[in-house]
Amino acid sequence: MEGKKTREEVEKINMIDTWLTKHRLIYVGATRHPFILSIRDGTVDLSSFKTWLGQDYIFVRAFVSFVASVLIKAWKESDDSAGDMEVLLGGMAALNDEVQWFKKEASKWGVQLSDIVPQKTNQEYCRFLESLMNSEVKYNVAITAFWAIEAVYQESFAHCLEEGTNTPLDLQETCQRWGNDGFGQYCHSLKQIVNRRLEKASDDEIKQAEVALLSVLEHEVDFWNMSCGGA
Ligand SMILES: Cc1ncc(CO)c(N)n1
């Protein structure tokens with residue numbers, strides 16, 4: 001007979017929601033940052049937006065390499081990872097689009113991408129991604145970080161598109177990029193992959209994945225702060 005599930009077993013069924021409840025404050029700090037709230041209420045400082053745009057272009061190029069490394073980890077998993085690989089490949093295709101979009105958007109705002117120097121906060125975030133590309137880092141840990149990176153942008157920008165917001169017209173396309181329903185679906189697929197994988201992961205890997213999630217959230221808050229000129 002099946003016994004009653006322990007609290008740990010119940011928590012492991014949806015590890016992400018368990019963590020988002022546990023780490024609510026920092027998650028809200030990353031997804032409801034003053035920079036995002038300023039876009040949402042229309043008071044955004046355009047020089048901050050341009051800083052964000054230029055720095056994020058640099059970040060996205062590091063991010064593409066990171067996603068490629070996650071894809072390799074998925075492929076090396078012996079168990080059924082074909083579905084995971086399809087989702088990741090779709091993510092890479094979207095990033096291809098995104099890089100082109102950054103170039104177009106930069107020219108619209110008069111931002112010269114070739115002149116952008118990565119700020120220290122950005123370098124630190126890129127270095128963190130690089131640390132996760134190491135082949136020693138487990139797939140379960142890397143895919144958790146990947147979901148978190150995408151989910152922060154999805155939640156943040158979707159918030160700017162809700163009814164009754166004052167998001168400036170010329171920023172709505174930016175918000176749509178990450179706030180659209182398709183991107184929301186994609187993040188949901190990533191979340192399901194993570195939950196499914198972590199349900200069977202060792203305690204040690206779960207702990208490492210939680211640490212990676214928290215690191216992502218901290219880097220995301222720092223990245224928004226940097227965009228606002230907060231270094
Ligand atoms: C800093 C940062 N986090 C997440 C994303 C999501 O793609 C991005 N483009 N930039």
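Position 1 is the first residue of the sequence, and the numbers go up from there. Just so you know, these numbers come straight off a predicted model, no measurement behind them. Side chains included, hydrogens not; waters and symmetry mates left out as well; all remaining heavy atoms used. Each ligand, and each atom within it, is numbered from 1 in the order the structure gives.
Using a 4.0 Å cut-off between charged nitrogen and carboxylate oxygen, Arg127 and Glu124 do not count as a salt-bridge pair.
When heavy-atom distances to ligand 1 are checked against a 4.0 Å cut-off, Val60 comes that close only through its side chain, counted from C-beta outward. With a 4.0 Å cut-off on non-hydrogen atoms, Ile149 touches ligand 1 through its backbone as well as its side chain.
Of the candidates Tyr125, Tyr153, Phe146, Tyr153 brings a heavy atom nearest to atom 8 (C) of ligand 1.
Counting only distance, with no hydrogens or angles, the side chain of Asn180 and the backbone of Arg177 share a donor-acceptor pair below 3.5 Å.
The distance between the ring centers of Trp109 and Trp52 does not fall below 6.0 angstrom. Close placement of the Trp224 and Tyr153 rings is indicated, their centers lying within 6.0 Å of each other.
Side-chain contact between Lys103 and Leu113 is present, with at least one heavy-atom pair separated by less than 4.5 Å.
For atom 3 (N) of ligand 1, the closest non-hydrogen atom of the protein is Glu220 OE2, 2.6 Å. Remark: minimum distance from atom 9 (N) of ligand 1 to any protein heavy atom is reached at Asp56 OD2, 2.9 Å. In this structure, the protein non-hydrogen atom closest to atom 7 (O) of ligand 1 is Glu150 OE1, 3.0 Å.
Distances below 4.0 Å separate heavy atoms of Glu98 from the following atoms of ligand 1: 7 (O), 9 (N).
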Margin query: Between Arg40 and Glu162, is the salt bridge (Lys or Arg N to Asp or Glu O under 4.0 Å) condition met? List the steps.
Written below: CA-CA 9 Å; Arg40 193 179 194 264; Glu162 286 165 4; 2.7 Å; yes

